[in-house]
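All chains are named by letter (A, B, ...) in the order of the sequence lines, taking the proteins before the strands, and each is independently numbered beginning at 1.
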Number of protein chains: 2
Amino acid sequence: MLINLDFESDEPIYQQLVHQIIDGIARKELQPGDSLPSVRSLASDIGINLHTVNKAYQQLKQEGFIQIHRQKGVVIHPEGVPKADEDYKKRLIHHLRPYVAESICREVSEAEFVELCKSIYKTYQGGHS
Amino acid sequence: MLINLDFESDEPIYQQLVHQIIDGIARKELQPGDSLPSVRSLASDIGINLHTVNKAYQQLKQEGFIQIHRQKGVVIHPEGVPKADEDYKKRLIHHLRPYVAESICREVSEAEFVELCKSIYKTYQGGHS
DNA sequence: TAACTGTTATACTATGAATATAACAGTTAG
DNA sequence: CTAACTGTTATATTCATAGTATAACAGTTA
């Protein structure tokens with residue numbers, strides 16, 4: 001999978017890595033059981049430190065997106081990513097709330113906001129980003 | 001307006017301040033022309049440093065939510081917050097995308113995600129948080 | 001044995017968040 | 001005029017996080 005980092009961004013590199021891999025899973029480009037590069041090779045390919053990659057992998061493991069075996073290496077979770085529970089939805093609402101609030105202040109209607117979210121969803125249904 | 005900060009949160013204090021004031025505007029509790037406390041008094045009330053409040057105010061000013069006059073003090077922008085332009089919507093999409101991607105991985109349907117956004121919108125239409 | 005794997009430990013630099021003081025310049029009430 | 005406020009700026013310090021650098025350990029595999 002192609003990894004494209006923005007070293008000028010405010011978003012930390014390891015967080016960009018996490019997001020891009022999740023994005024790859026959402027786009028079905030990465031499927032259950034698929035292998036990911038080792039921390040050293042990926043770090044070397046991108047030109048960053050191995051610890052930065054490891055930090056991203058650890059977070060992805062923690063959140064159930066990947067499995068890390070001593071022997072098999074790093075793979076997308078074979079049994080699929082854990083489905084959203086109430087706790088996840090609660091945190092999701094907590095994260096989305098500020099964006100909704102600002103949008104309301106800027107007179108973005110509920111309908112327009114919803115259409116915007118749908119348009120984002122569509123970029124994943126198509127099968128390519 | 002009531003300010004409630006979480007000092008244990010990962011979200012910086014000044015960012016929480018920004019979000020809560022925007023939230024107050026979205027809830028119509030803060031209306032165009034309304035006064036906000038001085039940096040010193042608000043900092044004193046909350047028990048934080050004046051620079052932390054100032055940082056939040058500067059960001060709110062930069063984004064068009066408030067005006068700061070030497071004499072009149074700090075007021076919610078009298079002519080209203082600048083409406084969303086294409087650039088804002090572009091940035092909004094860029095921020096929402098990772099949440100959509102993770103939700104797709106966790107099998108949150110587009111319909112469910114949309115309903116979730118609508119439920120957030122409703123908490124503002126009611127007039128209280 | 002050699003080359004790989006994830007993992008851990010340590011140390012360093014850089015940046016941002018938050019605080020602490022202090023001062024400057026302007027406004028306003030007594 | 002003085003005193004108390006206003007926003008603003010400057011400087012310094014502490015602390016946490018991001019990122020890098022190097023090294024080593026333990027297990028796997030060709």
- Query: Under a 4.5 Å cut-off applied to non-hydrogen side-chain atoms, are A/L92 and B/F113 in contact?
  - Reply: yes

- Query: Which nucleotide, in any strand shown, forms a Watson-Crick or G-U wobble pair with D/dA30, with both distances under 3.5 Å?
  - Reply: C/dT1

- How many angstroms lie between atom OG of B/S109 and atom OH of A/Y121, to the nearest 0.5 angstrom? 6.5 Å

- Message: Nearest whole Å is fine: how far is C/dT19 P from B/Y14 OH?
- Response: 13 Å

- Is any side-chain N of the basic residue among A/E102 and A/R106 closer than 4.0 Å to the acidic one's carboxylate O? yes

- Task: Check the distance between C/dT8's C1' and A/R40's CZ and give it to me in whole angstrom.
- Result: 11 Å

- Query: Less than 4.0 Å between a side-chain N and a carboxylate O, is that true for A/K122 and B/E110?
  - Reply: no

- Message: In whole Å, I'd like the distance from the CD atom of A/Q59 to the P atom of D/dT17.
- Response: 14 Å

- Between C1' of D/dA18 and CZ of A/F7, the distance in whole Å: 13 Å

- Query: Roughly how many Å is it from CD in B/Q15 to C1' in C/dG16, rounded to a whole number?
  - Reply: 12 Å

- Residues A/K89 and A/D85 bridged, charged N to O under 4.0 Å: no

- Query: Expressed in angstrom and rounded to an integer, what is the separation of B/Q62 atom CD from D/dT8 atom C1'?
  - Reply: 16 Å

- Item | Donor/acceptor link under 3.5 angstrom from A/R70 side chain onto base of D/dG27 | no

- Message: Return the CD to CG distance between A/Q16 and A/L5, rounded to the nearest 0.5 Å.
- Response: 5.5 Å

- Query: Distance check: side-chain N/O of B/K61 vs OP1/OP2 of D/dT8, anything under 4.0 Å?
  - Reply: yes

- Item | Rounded distance in Å - CG (B/L17) to P (C/dA17) | 13 Å

- What is the base-pairing partner of C/dA29, counting Watson-Crick and G-U wobble geometry with both distances under 3.5 Å? D/dT2

- Item | Nearest-Å distance for atom pair CG/C1', residues A/D10 and C/dA14 | 15 Å

- Query: Going from CG on A/N54 to OG1 on A/T52, what distance comes out if it is rounded to the nearest 0.5 angstrom?
  - Reply: 9.5 Å

- Under a 4.0 Å heavy-atom cut-off, which of residues 44-58 of chain B touch DNA chain C? B/I48, B/N49, B/H51, B/T52, B/K55

